[in-house]
Amino acid sequence: MSSRARLADIAAKAGVSEATVSRVLNGKPGVAEDTKQSVLTALDVLGFERPSRLRRRSAGLIGLVMPELINPIFPAFAQVIESALSQRGFTPVLCTQSPSGATEEEYVEMLLERGVSGIIFVSGLHADTGADHERYQALVERRLPVVFVNGWLPSVEAPFVSSDEYAAMEQAVTHLVALGHRRIGFASGPERFIVVQRKLAGYRTSMKAQLGLSDEDLNPLVALSMFGVEGGEAAGRQLLDAEVTAVVCGSDMMALGVIRAARQRGLSVPGEFSVVGYDDAPMMEFTDPPMTTIRQPVHAMGLAAVQSLLEEVRGHATPHTEFLFRPELVVRGSTGPVRMGI
């Protein structure tokens with residue numbers, strides 16, 4: 001087929017002139033974005049290969065770096081972010097860490113070698129106060145667009161998207177106090193993580209304000225363990241020894257572990273013991289009992305992360321600040337009134 005015939009076919013399919021098709025294919029200015037997309041779509045539908053310059057632009061790679069996929073909250077974030085990127089013409093590259101797999105730093109090097117247009121970090125080492133954060137500053141200095149989800153580094157000039165953990169703990173404590181609980185424990189992961197520090201601060205402030213407790217009163221009610229079901233179970237045993245009647249957890253996975261620890265002591269949930277999770281990860285409404293939890297606004301946060309990153313990719317400056325999204329208390333079956341006599 002001649003180039004003239006090809007131009008005529010594309011123009012007819014897109015409903016534009018051959019001159020317009022020529023301008024799009026040759027990268028000439030003066031063509032509206034909608035018209036350009038119509039021409040490119042016609043090109044694809046008719047089976048013609050896009051010029052390499054347009055092909056690269058339409059398939060820009062965006063790295064998505066996550067700690068793991070065992071906790072269902074991370075696949076939930078991945079689904080929202082990957083879908084939003086795909087709808088906007090970008091190709092997500094998902095990188096998840098495992099104990100025997102690549103490290104975050106190795107993934108970043110691999111992504112840079114592939115020429116990614118930007119990287120979104122979800123709950124990465126930027127949330128770990130014990131980690132080396134110079135790597136992020138180096139990415140910013142080389143003008144690679146980056147966005148961070150759940151964590152905060154004031155020294156790094158980039159957008160941060162977080163759930164308001166402080167407000168989340170206030171909601172959880174208020175809910176349990178309204179049910180008559182006074183000995184409310186707090187179970188979460190290691191304190192070196194910013195998200196844990198914020199949750200702990202929110203828990204302590206709320207317990208002091210609502211129950212008049214001091215730091216000395218609260219110290220025995222705090223159990224910091226490892227994230228995950230096993231860590232929750234260990235923290236749960238510690239808090240049960242402290243005679244708490246309810247526990248606020250740093251994640252839904254930890255909440256499942258606390259429930260297991262309570263049942264091992266012969267306690268019914270919520271009849272004799274109440275548990276509040278955090279995340280509202282998929283399937284939490286189907287656990288036994290259905291989990292009362294604090295819902296992270298995953299959809300809104302994921303979209304905000306994508307929009308902020310793509311603004312940077314397109315060369316538009318975005319505020320280098322932290323966008324805080326308010327979580328929501330979801331009351332289900334794992335919390336109930338305190339048992340009389342406790």
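With values rounded to the nearest 0.5 angstrom, Leu25 atom CG is found 6.5 Å from Arg6 atom CZ.
For the residue pair Ser162/Glu322, the side-chain donor-acceptor check at 3.5 Å is satisfied. For the 3.5 Å distance criterion, the side chains of Ser83 and Gln87 qualify, holding a donor opposite an acceptor. Side chain to side chain, Ser17 and Thr20 meet the donor-acceptor criterion of an N or O pair below 3.5 Å. Checking His175 against Thr335 by side-chain atom types alone, a donor-acceptor pair falls below 3.5 Å. Using modelled atom types, one finds a donor on one side chain and an acceptor on the other under 3.5 Å when comparing Thr318 with Glu312. Judged by distance alone, the side chains of Thr205 and Glu170 never bring a donor and an acceptor atom under 3.5 Å apart. No hydrogens or angles considered: nothing links the side chains of Arg198 and Asn150 as a donor-acceptor pair under 3.5 Å.
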Before giving the answer on side chain to side chain contact (heavy atoms under 4.5 Å, CB included), spell out for Cys249 and Val275 the whole-Å C-alpha distance, their side-chain angles and the decisive distance to 0.1 Å.
CA-CA 7 Å; Cys249 300; Val275 179; 4.0 Å; yes
Could you walk me through whether Val244 and Ile184 satisfy the side chain to side chain contact (heavy atoms under 4.5 Å, CB included) test, starting with their C-alpha distance in whole Å, then the side-chain angles of each, then the deciding distance to 0.1 Å, before giving a yes or no?
CA-CA 6 Å; Val244 302; Ile184 302 168; over 6 Å; no
Val247 and Arg183: CA distance, side-chain angles, deciding distance, side chain to side chain contact (heavy atoms under 4.5 Å, CB included) verdict:
CA-CA 9 Å; Val247 177; Arg183 291 194 65 79; over 6 Å; no
So Arg339 and Thr245, side chain to side chain contact (heavy atoms under 4.5 Å, CB included) or not? Walk me through it.
CA-CA 8 Å; Arg339 187 176 64 172; Thr245 64; over 6 Å; no
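Under the 3.5 Å distance criterion, the side-chain polar atoms of Asn26 are left unmatched by any main-chain donor or acceptor of Lys28. A donor-acceptor pair under 3.5 Å is formed between the side chain of Ser308 and the backbone N or O of Ala304. Although no hydrogens or angles enter the test, the distance criterion places no donor-acceptor pair under 3.5 Å between the side chain of Ser225 and the main chain of Ala234. Formation of a donor-acceptor pair under 3.5 Å by the Gln171 side chain with backbone atoms of Leu329 is found in this model. Side chain of Arg332 to main chain of Thr292: no donor-acceptor pair is present (N/O by atom type, distance under 3.5 Å, no hydrogens or angles). Formation of a donor-acceptor pair under 3.5 Å by the Gln197 side chain with backbone atoms of Glu191 is found in this model. Looking only at distances, a side-chain donor or acceptor of Asp164 sits under 3.5 Å from a matching main-chain atom of Ala167.
Scanning for ring pair (Phe, Tyr, Trp, His ring centres under 6.0 Å) contacts around Tyr107 gives an empty result, with sequence neighbours left out. Asp132 pairs by the salt bridge (charged side-chain N to carboxylate O under 4.0 Å, His left out) definition with nothing, not counting sequence neighbours.
Residues Gln296 and Ser163 form a side-chain contact, since some pair of their non-hydrogen atoms from C-beta on lies under 4.5 Å apart. Within the 4.5 Å cutoff, side-chain heavy atoms of Val196 are placed close to those of Leu224. The shortest distance between side-chain heavy atoms of Leu309 and Ile62 falls below 4.5 Å. Side chains of Ser188 and Phe186 form a contact here, defined as non-hydrogen atoms less than 4.5 Å apart. Between Pro75 and Met66, every side-chain heavy-atom pair lies at or beyond the 4.5 Å cut-off. Contact check for Leu125 versus Tyr136: side-chain heavy atoms found under the 4.5 Å cut-off. In this structure, the side chains of Leu176 and Val248 come closer than 4.5 Å at one or more pairs of heavy atoms. At a threshold of 4.5 Å between non-hydrogen side-chain atoms, the residues Met301 and Val149 count as touching.
With a 6.0 Å radius and a threshold of 12 heavy atoms from other residues, nucleotides or ligands, Glu328 has its CD atom above the threshold. His299 NE2: 12 or fewer foreign heavy atoms inside a 6.0 Å radius. Heavy atoms of other residues, nucleotides or ligands lying less than 6.0 angstrom from CD of Gln79 number 12 at most. Heavy-atom contacts from other residues, nucleotides or ligands closer than 6.0 Å to CD of Gln137 number more than 12.
The shortest non-hydrogen separation linking Val146 to Phe148 is CG2-CE1, 3.9 Å. Summarising the geometry of Thr129 relative to Arg192, their closest heavy-atom pair is OG1-O, 2.6 Å, with the distance given to 0.1 Å. Contact record, Leu94 with Ala78: CD1-CB, 4.4 Å, taken as the closest heavy-atom pair. Between Leu139 and Phe121, the closest heavy-atom pair is CD1-CZ, 3.9 Å.
In this structure, Asp217 does not pair ionically with Arg204, as no charged nitrogen and carboxylate oxygen lie closer than 4.0 Å.
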With a cut-off of 3.5 Å and sequence neighbours excluded, list every side-chain donor-acceptor pair involving residues 252-262.
residue, atom, partner, partner atom, Å
Asp252, OD1, Tyr278, N, 3.0
Asp252, OD1, Thr293, OG1, 2.7
Asp252, OD2, Asp280, N, 2.8
Asp252, OD2, Ala281, N, 2.7
Arg260, NH1, Glu233, OE1, 2.9

